[in-house]
Number of protein chains: 2
Amino acid sequence: MNVRFIVGVMARVSQAHLDARRRQIIEAASRCFARNGFHATSMQDVLREAQLSAGAVYRYFPSKDALVAAIAERAFTAIRAAYEDAANATPPPMPDVLLGRVLGRVLVDTVPGADAQTFARLVVQVWTETLRNDLLGDTLREGYGAMRRVWADLVRAYREAGMLDSDVDPDDMARTLIAAAQGFIAQQALFGDVRVEGLQAGLRGLMAMRDPKAG
Amino acid sequence: MNVRFIVGVMARVSQAHLDARRRQIIEAASRCFARNGFHATSMQDVLREAQLSAGAVYRYFPSKDALVAAIAERAFTAIRAAYEDAANATPPPMPDVLLGRVLGRVLVDTVPGADAQTFARLVVQVWTETLRNDLLGDTLREGYGAMRRVWADLVRAYREAGMLDSDVDPDDMARTLIAAAQGFIAQQALFGDVRVEGLQAGLRGLMAMRDPKAG
DNA sequence: TTGTCAAGAATGAACGTTCGTTTTATCGTT
DNA sequence: AACGATAAAACGAACGTTCATTCTTGACAA
């Protein structure tokens, strides 16, 4: 018995070909899913978009669910990286700069092939899928929890640097900043006419507010 | 010939009964759709949840799409009313109070039968449906545009009252406030452990920030 | 008040279609 | 020639919807 039977025989096409096919499928499916959602998109739709047959696609992904999971994980990874990179900057940038970096990276850099709105739509579709897929839900909650902790540390750094005149709970403020980012992504998905600079201006406006009735 | 043949005979059951049935179907379907989304929920699921037969449901709604549309419109109406009521208060409340009123009303008052997370999940599902249903998409964009105008006026009122030390574009700031609300709804849907008071604290934290490098 | 009856309300099995997936045949590379 | 990669047809299952039928309601005659 040849050892190659254990480790597998050489593939008939190059690894680069296999990788390219896989990416071709994922990108075509992403476009379909962003457009119509995971469940209103049929495998036939994906096959047509990828210009591939059923047999070809099912060689790379064992099921539609696996394809959905792969695409969701891809989105998770991109978003989490963007959030963490932005938070790692020292000294901590002001919220408008911080969110600008996160959203600039998420909506522009992560998907070179697709436009920002397509990716934003995919993100919203992934949100809904996490509501019914416990595995995806756990992944999302885990990532969100980690992000909240990192950003809460950032809020503490604001206070220590004298940039924040308030004893606000760092976790509350982290959640609020993340909510602003999520809302921006939702608007990008739903309306498509948003600019990161607009959100940044709005945040600076909020930071410039004061209550005349307060001390 | 009796005149009743012209205006139609009396209904065999009371209008109250018909209204109750219709509400029963809508609420059962809302629970299903919030749980699994519009397309991963089968009519059989809805029938089971409503404890009704197919024929009964199809007497009240001509198709699944019509049921989806009715539920989406219902969510639109509730949300738009919450936003506009909050903005009509004079003098304009600070953003934390404003968003607290919107979200308190949207997530608590609008759906007495369902809990806040169920309604939030339904809202996110409606978002994704507007991406593929042009009719719903137009309704959403129309409502969002109206909301932006109302809230931009509110930002102008802030400035005139001396509560906002910035020449920020009112529309940018309106979008940002709405984004915060949308992000909160997303978090309520996805994680379910959010409190409106937390968002309000976070907004007050943002308003208490200042850049030591700036003038 | 009670009994009768037409019509509306509700049922659930069955329909045609489309789904995700599998199987079979062909192509292309080594 | 051999075998993996792809195409294309075909599969059972599940979908939304329909329809022949049964149940229920309420007006009206007695």
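Bear in mind the structure is a predicted one, so any value in this text is a computation, not a measurement. Within every chain, numbering begins at 1; the chains are lettered A, B, ... in the order of the sequence lines, protein sequences first and strands thereafter.
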Would a 4.5 Å heavy-atom cut-off, applied to side chains only, mark B/L131 and B/W127 as touching?
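Not touching, per the 4.5 Å side-chain cut-off.
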
Should B/Q188 and B/L103 count as side-chain neighbours, where that means a heavy-atom distance under 4.5 Å?
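With C-beta onward as the side chain, the pair stays apart.
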
Can you tell me the distance, in whole Å, between the [atom1] atom of [X] and the [atom2] atom of [N]?
X     : N      : atom1 : atom2 : value
A/D65 : C/dG20 : CG    : C1'   : 10 Å
A/M43 : D/dC11 : CE    : C1'   : 16 Å
B/K64 : C/dC19 : NZ    : C1'   : 13 Å
B/R22 : C/dG8  : CZ    : P     : 19 Å
B/L18 : C/dG8  : CG    : C1'   : 10 Å
A/Y58 : C/dC19 : OH    : P     : 12 Å
B/Y60 : C/dA9  : OH    : C1'   : 7 Å
B/R59 : D/dA20 : CZ    : P     : 14 Å

Nucleotide nearest A/A54 when distance is taken to its side chain, options C/dT22, C/dA10, D/dT17:
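So the side chain of A/A54 is nearest to C/dT22.
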
Toward the 5' end of DNA chain D, by each residue's nearest nucleotide, A/S53 or A/Q44:
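Of the two residues, A/S53 wins.
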
Over all atoms of both residues, closest heavy-atom pair of B/K64 and B/T41:
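In terms of heavy atoms, the two residues are closest at NZ-O, 2.6 Å.
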
With a non-hydrogen cut-off below 4.0 angstrom, is B/F61 in contact with a base, only sugar-phosphate, or nothing?
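It contacts nothing in the nucleic acid.
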
Charged N-O contact under 4.0 Å between B/R22 and B/D19:
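No, B/R22 and B/D19 are not salt-bridged.
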
Please determine if a side-chain N or O atom of A/H39 lies less than 4.0 Å away from the OP1 or OP2 oxygen of C/dT18.
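So the side-chain polar atoms of A/H39 never come under 4.0 Å of the phosphate oxygens OP1 or OP2 of C/dT18.
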
